[in-house]
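Residue numbering restarts at 1 for every chain, and letters A, B, ... go by the order of the sequence lines. Treat the numbers as computed from the prediction; the structure is a model and nothing was measured.
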There are 2 protein chains.
Amino acid sequence: MTTRPGRGRPKASDGADRRTALVDAARRLFAERGFAATSVRAVAREAGVDAALVSHYFGDKQGLLVATMALPVDPAARIREVLDGGRDGLGERLVRTFTETWDPHEDVIAALLRTAMTGDPEQAPALQLARAVLVVGVREQLQGPDADGRAALVAAQVVGLAVTRYVARLPHVRDLTPGDLARVYGPAVQALVDGN
Amino acid sequence: MTTRPGRGRPKASDGADRRTALVDAARRLFAERGFAATSVRAVAREAGVDAALVSHYFGDKQGLLVATMALPVDPAARIREVLDGGRDGLGERLVRTFTETWDPHEDVIAALLRTAMTGDPEQAPALQLARAVLVVGVREQLQGPDADGRAALVAAQVVGLAVTRYVARLPHVRDLTPGDLARVYGPAVQALVDGN
DNA sequence: GCCTATATTCAACGCATGATGAATATCTCG
DNA sequence: CGAGATATTCATCATGCGTTGAATATAGGC
């Protein structure tokens, strides 16, 4: 049986972790419909659990959002890693590293992107951070005219890749392997790094 | 006076078009908070009007969304126009034309992008259309290996530009003129068009 | 084996929502 | 001027929301 009706603590043999079930369901629904359009009750229903559990575990709906947004990887560290390699081949390394580290968590990434675009701007500090690290990190590597603009546009390329691959799930962008993407998209990024 | 209390049709001298006031307010709020998070009442309040007017003019909330999404320009026509110029300088022309035709309507574009990412997939047929036209149109111009992937990635670049310029309002991307963007970002797009 | 902490459900709260229908004021056309 | 069409507000509806507090069942330490 998958349902466990009646109140009280479940028997240990039931083994189902309802807390993570809630986070998983919330991730799915938030990514699918957005934060505001997803009701706590819908998440609870999806998780096969009472809605009051959300208050119990996460305080309120926003707490559930925060739990949903917890990234399993530290984006800033990866970015710095890539930047340490220097200007040469930066484009390919950026594309390859990002897709490789994001692919296993594409639902989280999609949720992040969606709520970053939809919700209150400050509600997604993870994005603010990633943006700051990416843009200023890349900026430091660049020389020549329009360096500020070029660095920002590298971020635009990365955002475009993420949005089309994980959110819009555009054919071909969705299907290519990180290696293929690095090979095909990398030079276009490198064009901005080099400045023509 | 800006308020006009009491029921009944307003005197002609009041001149305020409440219908467009509603659409304007809705555009602003939908773009700012997203569709689901914006209440009909909030839109009406912002427009200085009773919420029932939404039902009267647009049927329901979704009708208001549709009215909000009405694009003042035909995107497909512009895309085809650009593509007619051939492969040479396609990147620059794409960037310049898109930013030039979108800039005057950036709030609509932002709203479109947001609800395209958040809402029901079929709720944004304009995007589906633009995508189809852009990707297959560009694809037809390309030769060489990975043509499918490269065409899709051009779309990714365009999406990235639009998202960072109109939604995230990323510094530098937000500030550059269409001409500067064409000059700086165009070559990166062209790199995909040419295939290295 | 009791006692407390924890997990879970249930019932209920007040509130905001989207929508409807009637009421009223003005416009337009004959 | 009179008749309908149109624009607008008001009062009201049922519904679903997020949250709370109490009730109940199990787990784990003494």
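- The nearest whole Å value for the distance from the CG atom in B/Asp50 to the C1' atom in C/dA22 is 13 Å.
- The residues B/Glu92 and B/Arg96 are annotated as not salt-bridged, no charged nitrogen and carboxylate oxygen being separated by less than 4.0 angstrom.
- Against DNA chain C, the stretch residues 52-59 of chain B makes heavy-atom approaches under 4.0 Å through B/Ala52, B/Ser55.
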Please list, one pair per line, the donor and acceptor atoms closer than 3.5 Å that link side chains of residues 34-54 of chain B to other protein atoms, with sequence neighbours excluded.
{"unit_1": "B/Thr38", "atom_1": "OG1", "unit_2": "B/Leu29", "atom_2": "O", "d": "3.4"}
{"unit_1": "B/Thr38", "atom_1": "OG1", "unit_2": "B/Gly34", "atom_2": "O", "d": "2.7"}
{"unit_1": "B/Ser39", "atom_1": "OG", "unit_2": "B/Ala42", "atom_2": "N", "d": "2.9"}
{"unit_1": "B/Glu46", "atom_1": "OE2", "unit_2": "B/Arg28", "atom_2": "NE", "d": "3.3"}
{"unit_1": "B/Glu46", "atom_1": "OE2", "unit_2": "B/Arg28", "atom_2": "NH2", "d": "3.2"}
{"unit_1": "B/Asp50", "atom_1": "OD1", "unit_2": "B/Ala52", "atom_2": "N", "d": "2.7"}

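- One interatomic measurement links the two molecules: CZ of B/Arg19 to P of D/dT9, which rounds to 16 Å at whole-angstrom precision.
- The listed nucleotides are D/dT8, D/dT9, C/dT9; the one nearest the side chain of A/Val49 is C/dT9.
- Atoms CG (B/Asp17) and C1' (D/dA7) sit 11 Å apart, rounded to a whole Å.
- Within the structure, ring-ring contact (aromatic ring centres under 6.0 Å, His included) pairs that include any residue of residues 130-161 of chain B do not occur (at least two apart or interchain).
- B/Asp17 meets the side chain to side chain contact (heavy atoms under 4.5 Å, CB included) test with B/Arg19, B/Thr20; sequence neighbours excluded.
- Residues passing the side chain to side chain donor-acceptor pair (under 3.5 Å) test with A/Glu106 are A/Arg169, sequence neighbours excluded.
- B/Glu81 meets the side chain to side chain contact (heavy atoms under 4.5 Å, CB included) test with B/Arg78; sequence neighbours excluded.
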Pull out every protein N or O sitting under 3.5 Å from an N or O of nucleotides 13-17 of chain C, one pair per line with the distance.
{"unit_1": "C/dT17", "atom_1": "OP1", "unit_2": "B/Ser39", "atom_2": "OG", "d": "3.2"}

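- The NZ-P distance, from A/Lys11 to C/dT9, rounds to 16 Å in whole Å.
- A side-chain donor-acceptor contact under 3.5 Å links A/Tyr185 to the backbone of A/Gln157.
- Legend: residues meeting ring pair (Phe, Tyr, Trp, His ring centres under 6.0 Å) with A/Phe98, ordered by chain and number and at least two apart, are A/Trp102.
- Every salt bridge (Lys or Arg N to Asp or Glu O under 4.0 Å) that A/Asp103 has, sequence neighbours left out, goes to A/Arg165.
- Side-chain N/O atoms of B/Arg7 and base N/O atoms of C/dA23 include a donor-acceptor pair closer than 3.5 Å.
- Note on B/Arg9: every side-chain N or O is 4.0 Å or more away from OP1 and OP2 of C/dT24.
- Partners of A/Arg27 according to the salt bridge (Lys or Arg N to Asp or Glu O under 4.0 Å) rule, which considers only residues two or more places apart in sequence or in another chain, do not exist here.
- Annotation: salt bridge (Lys or Arg N to Asp or Glu O under 4.0 Å) contacts of B/Asp148 (sequence neighbours excluded): B/Arg139.
- When the C1' atoms of four end pairs are superposed on the next four at each end of the helix from C/dG1-D/dC30 to C/dG30-D/dC1, using five pairs per end, the two resulting axes differ in direction by 10°, to 10°.
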